[in-house]
Amino acid sequence: MLDPKILKKDIDLIVKNLDKKKFHLDKDLFLNLDSNRKDIIAETESLQSKKNILSKEIGFLKSKGEGAENLTSEVELINLSLKDKKELLDISEVKFRDFLLNVPNILDKNVPSGNSEKDNKIIKFSKDKDLEKLNKVNFSDHSEIGKALKLYDSDTASNISGSRFSLLFGSLAQLHRALGSFMIDTHINEHKYTEVNVPLIVNSKSLVGTGQLPKFKDDLFEIKNKDDFFLIPTAEVPLTNIFKDKVLSEDDLPIMYASLSTCFRSEAGSYGKDTKGLIRQHQFDKVELVNAVNPDSSEESLNTLISHAEKILDLLCLPYRKILLCSGDTGFSSSITYDLEVWMPSQNSYREISSCSNFKDFQSRRMNIKYKNKLTKKKEYIHTLNGSGLAVGRTLAAIIENFQNDNGDIEIPEILRPYMNNMKFIKSHK
RNA sequence: GGAGAGAUGGCUGAGUGGUCGAAAGCGGCACCCUGCUAAGGUGUUAUACGGGUAACUGUAUCGAGGGUUCGAAUCCCUCUCUCUCCGCCA
């Protein structure tokens, strides 16, 4: 949520900024809502004030044993018009807040202008990009490889659940589990995150806090027989909401939480896209990194956060590139987003495997997360950031495709072998 | 799922219809004092939204929402959450 005061003050600048995000901010509507609300507040409060004064006087008179019928009937009259005013006020407050909740975050000055992913800016390629490997022999899709090994089955999964679900068997299931463990272990041990085990079901308030609601309800799975339960689309939601309504001490910042969790997305509107394999599932595992930081250091924190995600790709020796998303591709809540994209040989392209964003005070304003600033002695909004470190299913897919040998076996990246009983290859399941 | 108890400021905890944004203690902050020194004293200490250059001022907030009343932390209703006991259960 944007600060309504700043929005009003810099409205023309903000309209321009959000224009680049392909959001049209209705300036007149906002100014109207704002002044309308203020007028009603003023009227309501002056009535309320009158009422308070009179009521006190009645109390005073009665304590002296005197009658106060005149005053009582006067207050009754005030109450009548107050009731109408309060109804108007409620309506106007709700409209005002709804408006604000639907306005996206403003873009960081470093975000390049652009409309679609074509305008995203490539920042760098991974060091050990193995071109020989990239151009190698076999371009089988990971799902084909998995099926050939008899360790992957989407047909049976769709009987059990429906489309966009998978079954993994044997050493492929083990590799999947190893990946999750390796990632979270690395962040805990090397990057000093605190591991958190989170609820996979959250209420709508939490989703409003992080920005999935009210605008993106269609992307979520809602639980039908229970009021106000949603499956999390990412652990970002519970992790960031840990801080909701808290005032943190400046000394505690930054707070770094990491969680390996299952995520659920309805993938509405992506019919026909990535229908094969593990790339776009209704259910997938992901390690999520969330930082709560001092506003002064959020830019630096984003770079560090990205390096944490990159570290995983480096350790796995997967080829990737780092992308700065253009204005049109940057998400609703984000001010600036970098993606990491892993090389997928079968698609001859890079695919998103991590998305790291600085939300600045957009989420903390929605969630009311503050810290006590030692210098100003005021409570101020913190900055929140998050990133995937990494999406486990997509990483598994990338490993299958990038580490496939000519004979069809999959070589297990060295760093994962301790998690796999020192197994070196995944061979076909007989 | 059944039975009961509860939810008050950063924390503990008083407060059952008016002068209560709320006693007291702890904690925090500021200043002062000092041969009782891991001490003492004094003051101060919430948030949001209005109005005002400002000093300041108005309104709201005692889990949430509704109701009774001229007036609600206090009475009534609904909901949420927490705790205790019973049942069930990974």
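Here is how names work: the chains are called A, B, and so on, in the same order as the sequence lines, proteins then strands, and each is numbered from 1.
- The distance from atom CG of A/Asp245 to atom C1' of B/rC81 is 14 Å, rounded to the nearest whole Å.
- Under 4.0 Å is where a charged nitrogen must lie from a carboxylate oxygen, and between A/Glu288 and A/Lys286 at least one such pair does.
- Atom-to-atom, CG of A/Asp90 to P of B/rG65 comes out at 10 Å; the value is rounded to the nearest Å.
- Salt bridge annotation for A/Lys27-A/Asp12: present, with a cationic side-chain nitrogen under 4.0 angstrom from a carboxylate oxygen.
- Between the C1' atoms of B/rU69 and B/rG58, the separation comes to 24 Å (whole Å).
- A donor atom on one side chain and an acceptor atom on the other are found under 3.5 Å apart for A/Asp245 and A/Asn368.
- With a 4.5 Å cut-off on side-chain heavy atoms, A/Leu416 and A/Glu414 do not count as touching.
- B/rC89 and B/rG4 are spaced 23 Å apart, taking the C1' atom of each and rounding to whole Å.
- Taking atom CG on A/Asn203 and atom C1' on B/rG63, their separation rounds to 15 Å, with Å as the unit.
- For the pair A/Asn79 and B/rU69, the criterion of a side-chain N or O lying under 4.0 Å from OP1 or OP2 is not met.
- With rounding to whole Å, A/Lys246 atom NZ is found 12 Å from B/rC11 atom P.
- In this structure, CG of A/Leu47 is placed 15 Å from C1' of B/rC70, rounded to the nearest angstrom.
- Taking atom P on both nucleotides, B/rU57 is separated from B/rA22 by 13 Å, rounded to a whole Å.
- Between B/rA24 and B/rG15, the two P atoms lie 15 Å apart (nearest whole Å).
- The distance between atom CD of A/Glu43 and atom C1' of B/rG58, rounded to the nearest whole Å, is 15 Å.
- Ion pairing between a basic and an acidic side chain is recognised when a charged N comes within 4.0 Å of a carboxylate O; A/Lys217 and A/Glu222 show such pairing.
- Counting any heavy atom pair closer than 4.0 Å across all strands shown, A/Lys51 reaches sugar-phosphate atoms only and no base atom.
- At a threshold of 4.0 Å, the pair A/Arg351-A/Glu341 does not count as salt-bridged, since none of the basic side-chain nitrogens sits closer than that to a carboxylate oxygen.
- Residue whose closest nucleotide on RNA chain B sits further toward the 5' end, between A/Lys56 and A/Lys372: A/Lys56.
- When the C1' atom is used for both B/rU74 and B/rG18, the distance is 12 Å, rounded to whole Å.
- For A/Ile78 and B/rU59, the CD1 to P distance is 12 Å, given to the nearest whole Å.
- Within the shown strands, nothing qualifies as a pairing partner of B/rU16 under the Watson-Crick or G-U definition with both distances less than 3.5 Å.
- Map A/Lys83 and A/Ser73 each onto its nearest nucleotide of RNA chain B; the residue landing nearer the 5' end is A/Lys83.
- Within the shown strands, nothing qualifies as a pairing partner of B/rC88 under the Watson-Crick or G-U definition with both distances less than 3.5 Å.
- Summarising the base pairing, B/rU59 is matched to B/rA48 through a Watson-Crick or G-U wobble pair whose two defining distances lie under 3.5 Å.
- Look at A/Ser63 and you won't find any side-chain N or O under 4.0 angstrom from OP1 or OP2 of B/rG18.
- B/rA73 is unpaired under the criterion used here, namely a Watson-Crick or G-U wobble arrangement in which both key atom distances are under 3.5 Å.
- Residue pairs satisfying the salt bridge (Lys or Arg N to Asp or Glu O under 4.0 Å) criterion with at least one member in residues 88-99 of chain A, sequence neighbours excluded, are listed as follows: A/Arg37-A/Glu93.
- Taking the charged nitrogens against the carboxylate oxygens, A/Arg417 and A/Glu411 do have a contact shorter than 4.0 Å, which makes a salt bridge.
- Nucleotides B/rG40 and B/rC26 place their P atoms 9 Å apart, quoted to the nearest Å.
- Checking B/rG6 for Watson-Crick or G-U wobble geometry (two distances, each under 3.5 Å) identifies B/rC81 as its partner.
- With both pairing distances under 3.5 Å, B/rC33 is matched to nothing as a Watson-Crick or G-U wobble pair.
- The side chain of A/Gln48 contributes no N or O atom lying less than 4.0 Å from OP1 or OP2 of B/rG58.
- Remark: P of B/rU19 and CG of A/Leu61 are 15 Å apart, rounded to the nearest angstrom.
- Remark: the separation of the C1' atoms in B/rG13 and B/rU8 is 9 Å, to the nearest Å.
- For the P atoms, the distance from B/rG43 to B/rG66 is 41 Å, rounded to whole Å.
- Residues A/Asp219 and A/Arg265 are not paired through a salt bridge, judged by the lack of any N-O separation under 4.0 Å between the basic side chain and the carboxylate.
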Once each nucleotide of nucleotides 43-49 of chain B is scored for protein heavy atoms under 4.0 Å, what B/S/- sequence comes out, 5' to 3'?
---SSSB
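- Nucleotide B/rA23 has no partner under the Watson-Crick or G-U criteria, as no pair reaches both atom distances under 3.5 Å.
- For B/rU68, there is no paired nucleotide, since no Watson-Crick or G-U wobble pair has both relevant distances below 3.5 Å.
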